[in-house]
Colleague: 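Let me give you the structure first, and then I'll get to my questions.
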Amino acid sequence: MSGEIRVTGVRRVYDIGAGNSLVALDDVDLTVETGTFVSVIGPSGCGKSTLLRAVAGLEKPDAGHITVGGLTPQRAAADKMLGLVPQTPALLPWLSVLKNVSLPKKVNRRKGRSTADMPDLLRKAGLGDVMHKLPSQISGGMQQRAAIVRAFGLHPDVLLMDEPFSALDEFTREALQEQLLDLWDELKATVLFITHSVSEAVRLSDRIVVMAPRPGRITDVIDIDLPRPRGQALLKTPEFHAYEDLVRDRLRGAFHHANAIAS
Amino acid sequence: MTVTEPEVIAEARKLIAPPRPARKVSLSFLHPAKWLPLVLMLAVLGALWQWGAGRMPYLLPPLGDIGRTLTEDAGYYVENALVTLREALGGLAIGTAVAFVLAVVVSEFTLARRAIMPVAVILNVTPLVAIAPALVVAFGFGAAPKLIVTGLICFFPVLINMSMGLRAVPVPVLQVYQTMHASRLETLWYIRVPSALPYLFAALRIVFPLSVVGAVVAELSAAGSSAGLGTAISLASSMNRLAAVYASIAILAVLGALLLLVVTLLERRLLHWHETRQGASK
Ligand SMILES: Nc1ncnc2c1ncn2[C@@H]1O[C@H](COP(=O)(O)OP(=O)(O)OP(=O)(O)O)[C@@H](O)[C@H]1O
Ligand SMILES: [Mg+2]
């Protein structure tokens with residue numbers, strides 16, 4: 001099945017009152033090929049989340065159009081092709097971890113997708129011992145892992161992640177990146193991943209999209225040509241650092257632009 | 001998989017201090033620090049009462065007299081208490097059920113909210129003591145006006161809290177399930193209603209004891225009622241039997257406290273997952 005994301009000429013304008021409007025996305029073109037991992041990075045307020053919400057079908061662009069696997073985002077959602085991992089784990093506090101990650105199976109049942117063996121998937125994610133606990137009884141890192149398992153459980157064609165690791169400490173973060181890559185390797189999905197961390201973007205992605213604000217737009221697309229699997233060792237190689245520097249350089253351009261307009 | 005440092009620590013903590021079994025009978029209430037303050041307070045209040053009763057026998061009956069009527073006419077009080085309790089619980093059930101359903105309607109349909117909420121607010125600010133006599137005129141001296149008054153008293157807190165709770169679901173949670181195309185009914189059933197339960201219980205804690213107030217107010221304003229503690233109070237006070245008045249009042253207080261206890265136990269069972277409860281159990 002195809003999980004290609006195609007964004008063409010998308011524009012999104014927010015009415016911010018007093019007759020003012022804010023161009024959150026301006027003429028954004030982006031193609032994410034099936035099965036690739038693409039990260040979006042850019043200064044705060046450049047429209048990353050807006051882009052993700054539009055791809056998820058949570059809001060409609062004012063111009064341009066978006067297809068996911070050839071369908072509109074709403075149709076893709078109706079076919080249970082999408083998985084969303086927000087910045088907070090967004091687990092239901094009254095359900096055990098296992099029940100939390102199994103709930104997606106119970107909703108929108110008409111679309112009977114092949115689903116994962118949830119206890120097995122939880123075990124793979126290192127949550128085997130805590131699957132019967134409540135979210136409040138496990139650490140933040142484990143909660144976020146459960147949120148990722150919940151999204152992967154439906155075998156989505158497209159996984160949309162909005163800064164899923166930003167609230168975690170450095171170690172937990174790196175461990176989760178590794179697990180995400182493992183799961184992704186096994187279950188294969190197209191991933192659109194938003195982050196503020198340059199090294200995270202370089203480590204995870206096939207391609208990095210750099211955005212700049214006011215108006216929100218794409219300023220750069222950088223292919224990351226590093227071998228996979230990308231274990232801990234890779235993080236220390238000169239090639240990895242070279243990519244980090246490159247992305248940081250391009251980002252600086254986006255930030256400069258942001259500041260120039262703000263001042 | 002790689003185990004991260006904080007989790008190693010968390011695991012170690014679990015080994016050192018295994019989680020307590022969920023249903024351990026706690027004997028901590030036997031400790032004097034738990035019961036002594038209340039016992040002392042009651043002793044002081046009782047002494048004050050007796051002192052007052054000695055100086056103003058026409059205002060306060062001695063506690064002994066109250067105890068005597070209670071034991072001598074135990075059957076009479078139990079019978080009337082049951083009548084009042086039945087009215088209170090009936091009204092409570094009706095008011096809560098209607099409020100629950102309306103809360104769902106109001107939180108799902110904006111137009112319904114605009115139509116219903118102002119009426120509910122007006123109903124709430126109208127003094128029920130004033131409505132009760134009119135209801136008696138309309139519905140007679142039977143159970144109906146009492147159920148209606150009690151129901152109305154219970155209705156508003158449940159409606160307000162429940163409709164607030166139904167809409168208090170974090171946006172990211174809704175977005176996760178929206179991208180799976182969960183239907184409105186599924187979202188309501190699996191997400192909104194459970195997350196509204198803490199709000200519902202906050203209202204029930206108010207409304208359970210309040211239902212007794214509703215029943216008594218209704219009885220007091222229906223002068224021809226044949227039974228109930230409210231009726232017992234108005235009868236006794238018309239005959240100047242002060243001890244009997246206070247005997248009924250004491251039973252009402254106990255009924256209210258029992259209802260509060262019931263709601264607390266229910267809450268403990270159903271909301272064990274909720275933060276405030278988890279804080280309480282530590
Ligand atoms: N619902 C909304 N109404 C009005 N303005 C909005 C709305 N959502 C987003 N915006 C504005 O649109 C711009 C882009 O927001 P967005 O959340 O997409 O940025 P972002 O790149 O995700 O930022 P961050 O890195 O801080 O998460 C911001 O200026 C934001 O204030
Ligand atoms: Mg964002």
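A quick note: this is a predicted structure, and the numbers were derived from the prediction, not measured. All heavy atoms count here, side chains included; hydrogens, waters and symmetry mates do not. So you know, we letter chains A, B, ... as the sequences are listed, proteins then strands, and number each from 1.
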Colleague: Excluding sequence neighbours, so at least two apart, what forms side-chain hydrogen bond (donor to acceptor under 3.5 Å, both in side chains) with Thr72(A)?
Modeller: none

Colleague: Evaluate whether atom CZ of Arg113(B) has more than 12 neighbouring non-hydrogen atoms of other residues, nucleotides or ligands under 6.0 angstrom away.
Modeller: yes

Colleague: Name, in order of residue number, those residues of residues 145-166 of chain B that have a heavy atom at a distance of less than 4.5 Å from a heavy atom in chain A; otherwise write 'none'.
Modeller: none

Colleague: Under 4.5 Å, heavy atom to heavy atom, which residues of residues 95-105 of chain A contact chain B?
Modeller: Asn100(A), Leu103(A), Pro104(A)

Colleague: Kindly give the heavy-atom pair with the smallest separation between Glu186(B) and Lys106(A), and that separation in Å.
Modeller: OE2-O, 3.8 Å

Colleague: Please collect all ring-ring contact (aromatic ring centres under 6.0 Å, His included) contacts where either partner lies in residues 78-104 of chain A, sequence neighbours excluded, each pair once.
Modeller: Trp94(A)-Trp273(B)

Colleague: For Leu154(A), is it the side chain, the backbone, both, or neither that has a heavy atom closer than 4.5 Å to a heavy atom of chain B?
Modeller: side chain

Colleague: Side chain, backbone, both or neither: which part of Leu92(A) has a heavy atom under 4.5 Å from chain B?
Modeller: side chain

Colleague: Let me confirm one number: the CG-NE2 distance from Leu134(A) to His272(B), rounded to the nearest 0.5 Å.
Modeller: 6.5 Å

Colleague: Other residues, nucleotides and ligands only: do more than 12 of their heavy atoms fall within 6.0 Å of CZ on Arg230(A)?
Modeller: yes

Colleague: When rounded to the nearest 0.5 angstrom, what distance separates CG in Leu84(A) from CD in Gln178(B)?
Modeller: 10.0 Å

Colleague: Need one label for Gln87(A): side chain, backbone, both or neither, based on atoms under 4.5 Å from any heavy atom in chain B.
Modeller: neither

Colleague: Where does Thr187(B) contact chain A at under 4.5 Å (heavy atoms): side chain, backbone, both or neither?
Modeller: neither

Colleague: Nearest heavy-atom pair of Met180(B) and Asn108(A): which atoms, and what distance?
Modeller: O-ND2, 2.9 Å

Colleague: Check whether Pro172(B) gets within reach of chain A through its side chain, its backbone, both or neither, counting any heavy atom under 4.5 Å.
Modeller: both

Colleague: Go through it in stages, so that I can follow the logic: the residues are His181(B) and Gln74(A), the test is side chain to side chain contact (heavy atoms under 4.5 Å, CB included), and I'd like the CA-CA distance, side-chain angles, deciding distance and then a yes or no.
Modeller: CA-CA 8 Å; His181(B) 213 69; Gln74(A) 282 78 15; 5.7 Å; no

Colleague: Pick one of side chain, backbone, both or neither for Thr179(B), based on which atoms fall under 4.5 Å of a heavy atom in chain A.
Modeller: both

